[in-house]
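What you see is a predicted model, and the numbers here were worked out from it, not measured in a lab.
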Amino acid sequence: QVQLVESGGGLVQAGGSLRLSCAASGTLFSLASINAMGWYRQAPGKQRELVASISRGGSTNYADSVKGRFTISRDNAKNTVYLQMNSLKPEDTAVYYCAAALGVGGLQKPQYWGQGTQVTVSA
């Protein structure tokens with residue numbers, strides 16, 4: 001089993017920045033089995049959407065709505081993934097969930113989820 005713990009959410013004004021972190025813990029075997037990690041978000045009344053993902057090798061994917069503003073990175077030695085969010089907009093307000101997937105296939109169907117961290121962007 002893998003546990004994911006997020007940190008770094010909060011309240012920020014539009015145009016500001018936040019950095020989310022997600023640390024994975026578990027057995028050495030389970031941690032070594034993780035391939036893709038990343039972030040989903042869910043705003044009130046909306047479906048959960050994939051924001052950004054990164055493979056163990058460093059390949060990244062972003063939702064069109066955050067390209068050029070958000071940057072995902074990963075430290076495999078620390079089993080931690082980060083999301084640097086710049087030029088934040090009120091529409092970025094959501095609960096952000098860290099996710100991790102085993103094997104190939106990206107982050108479309110994660111096996112593990114964090115508890116979520118609230119990001120609120122005021123106008």
Side-chain angles (χ1 to χ4, degrees):
Q1 287 292 325
V2 172
Q3 294 78 44
L4 303 175
V5 178
E6 303 108 331
S7 60
L11 173 64
V12 66
Q13 289 187 331
S17 299
L18 283 174
R19 188 191 194 208
L20 305 182
S21 300
C22 171
S25 62
T27 64
L28 288 177
F29 178 79
S30 60
L31 292 173
S33 300
I34 295 173
N35 184 10
M37 296 186 72
W39 298 88
Y40 280 75
R41 68 185 181 187
Q42 187 167 21
K46 295 188 177 181
Q47 289 189 334
R48 191 173 295 191
E49 64 170 344
L50 179 59
V51 176
S53 65
I54 184 168
S55 71
R56 179 170 288 277
S59 297
T60 58
N61 283 288
Y62 295 93
D64 288 342
S65 58
V66 306
K67 283 181 180 177
R69 299 189 297 122
F70 291 10
T71 302
I72 191 169
S73 60
R74 179 172 177 170
D75 185 334
N76 289 327
K78 295 182 178 180
N79 297 301
T80 300
V81 63
Y82 307 94
L83 186 67
Q84 178 66 43
M85 304 185 293
N86 298 329
S87 302
L88 282 161
K89 304 176 181 179
E91 50 263 45
D92 294 318
T93 296
V95 177
Y96 283 70
Y97 296 91
C98 180
L102 307 176
V104 300
L107 205 60
Q108 296 304 318
K109 293 184 178 181
Q111 283 78 29
Y112 302 107
W113 293 91
Q115 80 283 1
T117 185
Q118 178 71 45
V119 171
T120 303
V121 184
S122 62

When you group the ILVMFWY residues by side-chain heavy-atom contacts below 4.5 Å and let the links chain together, are [Y] and [X] in the same group?
X: Y112; Y: L107; answer: no
X: M85; Y: Y40; answer: no
X: L11; Y: Y96; answer: no

A side-chain contact here means heavy atoms from C-beta on lying under 4.5 Å apart; do D75 and Y82 qualify?
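SC-SC contact between D75 and Y82 confirmed.
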
L50 versus Q108: any side-chain heavy-atom pair under 4.5 Å?
yes

So which heavy atom on [X] is nearest to which on [Y], and how close?
X: Q84; Y: S17; result: NE2-CB, 3.9 Å
X: A43; Y: A94; result: N-CB, 3.8 Å
X: A24; Y: V2; result: CB-CG1, 4.1 Å
X: V66; Y: V51; result: CG2-O, 3.7 Å
X: W39; Y: S21; result: CH2-O, 3.5 Å
X: C22; Y: L4; result: SG-CB, 3.9 Å

Closer than 3.5 angstrom, by distance alone: can the side chain of [X] be matched with the main-chain N or O of [Y] as a donor-acceptor pair?
X: Y62; Y: R69; answer: no
X: S30; Y: Q1; answer: yes
X: T120; Y: T93; answer: no
X: Q111; Y: L102; answer: yes
X: Q115; Y: V5; answer: no
X: N35; Y: R56; answer: yes
X: R19; Y: G8; answer: no

Give a yes or no on whether a salt bridge exists between K67 and D64, defined as a side-chain N under 4.0 angstrom from a carboxylate O.
yes

What distance do [X] atom [atom1] and [Y] atom [atom2] have between them, rounded to the nearest 0.5 Å?
X: L83; Y: M37; atom1: CG; atom2: CE; result: 12.0 Å
X: S55; Y: I72; atom1: OG; atom2: CD1; result: 10.0 Å
X: N86; Y: T71; atom1: CG; atom2: OG1; result: 6.5 Å

Plane angle bin for W113 and Y97 - parallel if under 30°, tilted between 30 and 60°, otherwise perpendicular
perpendicular

Please name all residues satisfying side-chain hydrogen bond (donor to acceptor under 3.5 Å, both in side chains) with S65, sequence neighbours left out, ordered by chain then number.
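Partners of S65 under the side-chain hydrogen bond (donor to acceptor under 3.5 Å, both in side chains) test: R41.
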
Test side chain to side chain contact (heavy atoms under 4.5 Å, CB included) on V119 and L20; report intermediate values, then the result.
CA-CA 9 Å; V119 171; L20 305 182; 4.1 Å; yes

